Amino acid sequence: MYSKIYDFCKIRNKGTVYDNDPNEPTPRVKFLISLLESEGIDYELDKSKIKGFLKGQTTLYNIILKGNSNKMVVAHHDVANPNIDNANDNSCSVINAIMIKKLMPNIHVVLLDGEEFGGKGSKVISEKIKNGYFGNIDWVLNLELTGKGGKYFFIGNYPGRLQDRIKSLFPDAPIVQTPFNDSVIFRQNGIDSCVINPLPILIENKESNVKYGDKYLDYSILYNCHNKRDNISTIDPNDMKEFVEEVVVKILS
């Protein structure tokens with residue numbers, strides 16, 4: 001599954017969420033549907049008409065992989081720049097989320113649309129959670145930029161039961177202030193949510209403001225987002241596997 005990142009990064013949308021066709025899913029959504037079908041994973045394509053921020057209306061395409069637990073994993077599939085690989089932000093997390101569903105079929109997984117423009121998809125899913133569509137959900141784990149770094153990651157500064165659980169399992173993981181992400185929307189709607197984000201280890205004799213135990217992490221990779229530096233060469237399927245199977249599975253178990 002992890003190697004599917006190479007195929008996914010080749011797929012280009014026509015534009016941002018505001019350019020979504022009201023009747024036809026985006027190329028990236030079509031790719032994900034095909035991948036899910038090839039893997040025998042049941043899905044629901046949840047389409048929502050919402051008011052755009054810059055234009056009139058847009059159609060969101062959230063992909064719901066329903067489970068039967070009280071835990072949910074999300075990752076956004078939309079892009080701000082349709083002309084680049086969008087490898088770390090956030091194609092790798094989408095592939096990782098699908099792999100989590102394969103490993104732990106009971107977990108609810110949702111591939112969100114519209115994160116790059118205010119968390120539009122997470123607003124829709126928040127309402128579904130509050131209305132009981134998924135049963136009781138204790139918390140939502142949000143995956144962002146999970147293509148490099150493996151088991152070395154930071155925890156978003158979002159206090160709650162989920163953050164406490166992650167910190168108890170991985171006491172060396174630092175808690176860091178983050179830019180906007182879908183966890184902000186879930187929390188605004190009264191749903192406990194936290195984002196986690198792996199980072200590569202800096203080379204010897206270099207320091208940063210983010211440390212995992214005694215190791216300095218390279219925060220600069222986050223500045224690749226939305227430009228051509230966010231390409232497939234900057235991530236590693238082996239790191240994706242390590243992050244999913246040594247970090248996320250442990251959190252969800």
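Note that this is a predicted model, so its numbers are computed, not measured.
- Transitive grouping of hydrophobic side chains (ILVMFWY, heavy atoms separated by less than 4.5 Å) brings Ile221 and Val247 into a common cluster.
- In the displayed structure, Lys4 atom NZ is contacted under 6.0 Å by at most 12 heavy atoms of other residues, nucleotides or ligands.
- A donor atom on one side chain and an acceptor atom on the other are found under 3.5 Å apart for Asn157 and Gln177.
- Rounding to the nearest 0.5 Å places OH of Tyr158 at 12.0 Å from CD1 of Ile175.
- Taken to the nearest 0.5 Å, the CG atom of Asn227 stands 4.0 Å off from the CZ atom of Arg229.
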With side-chain contact (heavy atoms from CB on, under 4.5 Å) as the test, would you mind laying out the steps for Met1 and Leu35 before giving the verdict? CA-CA 9 Å; Met1 174 60 69; Leu35 177 58; 4.0 Å; yes

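- For Asn209, the CG atom sits in a loose shell: 12 or fewer heavy atoms of surrounding residues, nucleotides or ligands are nearer than 6.0 Å.
- Under a 3.5 Å cut-off, the side chain of Lys167 and the backbone N or O of Pro171 do form a donor-acceptor pair.
- Under the 4.5 Å side-chain contact rule for hydrophobic residues, Leu199 and Tyr216 do not share a cluster.
- Using the six-membered ring where Trp is involved, Phe31 and Phe8 have ring planes that are parallel, under 30° apart on the 30 and 60° scheme.
- Taking each heavy atom of Ser91 and Cys9 in turn, the nearest pair found is CB-SG, 4.1 Å.
- Atom CG of Asp42 has 12 or fewer neighbouring heavy atoms from other residues, nucleotides or ligands inside a 6.0 Å radius.
- The shortest non-hydrogen separation linking Phe243 to Gly150 is CD1-O, 3.4 Å.
- Under the 3.5 Å distance criterion, the side-chain polar atoms of Asp19 are matched with a main-chain donor or acceptor of Thr16.
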Under the salt bridge (charged side-chain N to carboxylate O under 4.0 Å, His left out) criterion, do Lys148 and Asp218 qualify, and how do the steps go? CA-CA 10 Å; Lys148 188 71 173 177; Asp218 186 2; over 6 Å; no

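- At most 12 non-hydrogen atoms from other residues, nucleotides or ligands lie less than 6.0 angstrom from NZ of Lys206.
- No hydrogens or angles considered: a donor-acceptor pair under 3.5 Å links the side chains of Asn181 and Asn142.
- The two residues Leu162 and Asp192 have their closest heavy-atom pair at N-OD2, 3.0 Å.
- Among the candidates Leu143, Leu145, Asp239, Ile5, the single residue satisfying the side chain to side chain contact (heavy atoms under 4.5 Å, CB included) test with Cys92 is Ile5.
- The backbone N or O of Val249 sits less than 3.5 Å from a side-chain atom of Ser253, completing a donor-acceptor pair.
- Inter-residue side-chain proximity for Ser69 and His108 is flagged as met; some heavy-atom pair is nearer than 4.5 Å.
- The backbone N or O of Leu217 lies less than 3.5 Å from a partner atom in the side chain of Ser208, making a donor-acceptor pair.
- At distances below 3.5 Å, not a single donor-acceptor pair connects side-chain atoms of Arg165 with backbone N or O atoms of Leu252.
- A distance of 5.5 Å separates CD1 in Ile166 from CD1 in Ile155, rounded to the nearest 0.5 Å.
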Does the side-chain contact (heavy atoms from CB on, under 4.5 Å) test come out yes or no for Val248 and Leu141, once each step is laid out? CA-CA 9 Å; Val248 180; Leu141 179 64; 3.9 Å; yes

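- Of all heavy-atom pairs between Lys101 and Leu65, the closest is NZ-O, 3.4 Å.
- Distance check, rounded to the nearest 0.5 Å: OG of Ser93 to CE of Met99 gives 15.0 Å.
- Contact annotation: the side chain of Glu127 approaches that of Asn189 to within less than 4.5 Å [non-hydrogen atoms, C-beta and beyond].
- Listed by first then second residue, pairs satisfying side chain to side chain donor-acceptor pair (under 3.5 Å) with a partner in residues 79-88 read Arg12-Asp85, not counting sequence neighbours.
- Residues Asp78 and Lys120 are not paired through a salt bridge, judged by the lack of any N-O separation under 4.0 Å between the basic side chain and the carboxylate.
- A 4.5 Å side-chain heavy-atom check between Leu202 and Glu207 finds every atom pair outside the cut-off.
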Walk me through it: do Val73 and Met104 pass the test side-chain contact (heavy atoms from CB on, under 4.5 Å)? CA-CA 11 Å; Val73 173; Met104 307 181 79; over 6 Å; no

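- Between the CD1 atom of Ile95 and the CG atom of Leu111 there is a distance of 9.0 Å, given to the nearest 0.5 Å.
- At least one side-chain heavy atom of Glu144 sits less than 4.5 Å from a side-chain heavy atom of Glu115.
- Residues Met72 and Ile129 form a side-chain contact, since some pair of their non-hydrogen atoms from C-beta on lies under 4.5 Å apart.
- For the pair Asn62 (side chain) and Val124 (backbone), a donor-acceptor distance under 3.5 Å is absent.
- The main-chain N or O of Asp138 is found under 3.5 Å from a side-chain atom of Arg161 such that the two form a donor-acceptor pair.
- Atoms CD1 and CD, from Ile251 and Glu246 in turn, are 12.5 Å apart once rounded to the nearest 0.5 Å.
- Aromatic ring orientation, Phe153 versus Tyr212: tilted (interplanar angle from 30° to 60°).
- A side chain to side chain contact (heavy atoms under 4.5 Å, CB included) with Val17 is found for exactly one of Val79, Asp113, Thr26, namely Asp113.
- Judged by distance alone, the side chain of Asp236 and the main-chain N or O of Asn238 form a donor-acceptor pair under 3.5 Å.
- Linking Ile, Leu, Val, Met, Phe, Trp and Tyr whenever their side-chain heavy atoms come within less than 4.5 Å leaves Ile100 and Val110 in two separate clusters.
- Relative to the six-membered ring of Phe170, Lys250 meets both conditions, a distance below 6.0 Å and an angle of at most 45° to the axis.
- Inspection of the Asp89 and His76 side chains reveals an N or O donor paired with an N or O acceptor under 3.5 Å.
- The minimum heavy-atom distance between Val210 and Pro174, with the atom names listed, is CG1-CG, 3.7 Å.
- Relative to the ring axis of Tyr133, Lys66 places its NZ or CZ within 45° and under 6.0 Å from the centre.
- Two residues are said to be in side-chain contact when any heavy atoms from C-beta on lie closer than 4.5 Å; Asn70 and Phe134 fail this criterion.
- Connection of Leu45 to Ile125 is not established within any shared hydrophobic cluster, with ILVMFWY side chains joined at heavy-atom distances below 4.5 Å, either directly or through further cluster members.
- Considering every non-hydrogen atom in both Thr234 and Asn231, the closest pair reads OG1-O, 2.7 Å.
- Hydrophobic clustering, with ILVMFWY side chains joined whenever heavy atoms are under 4.5 angstrom apart, groups Ile232 together with Tyr223.
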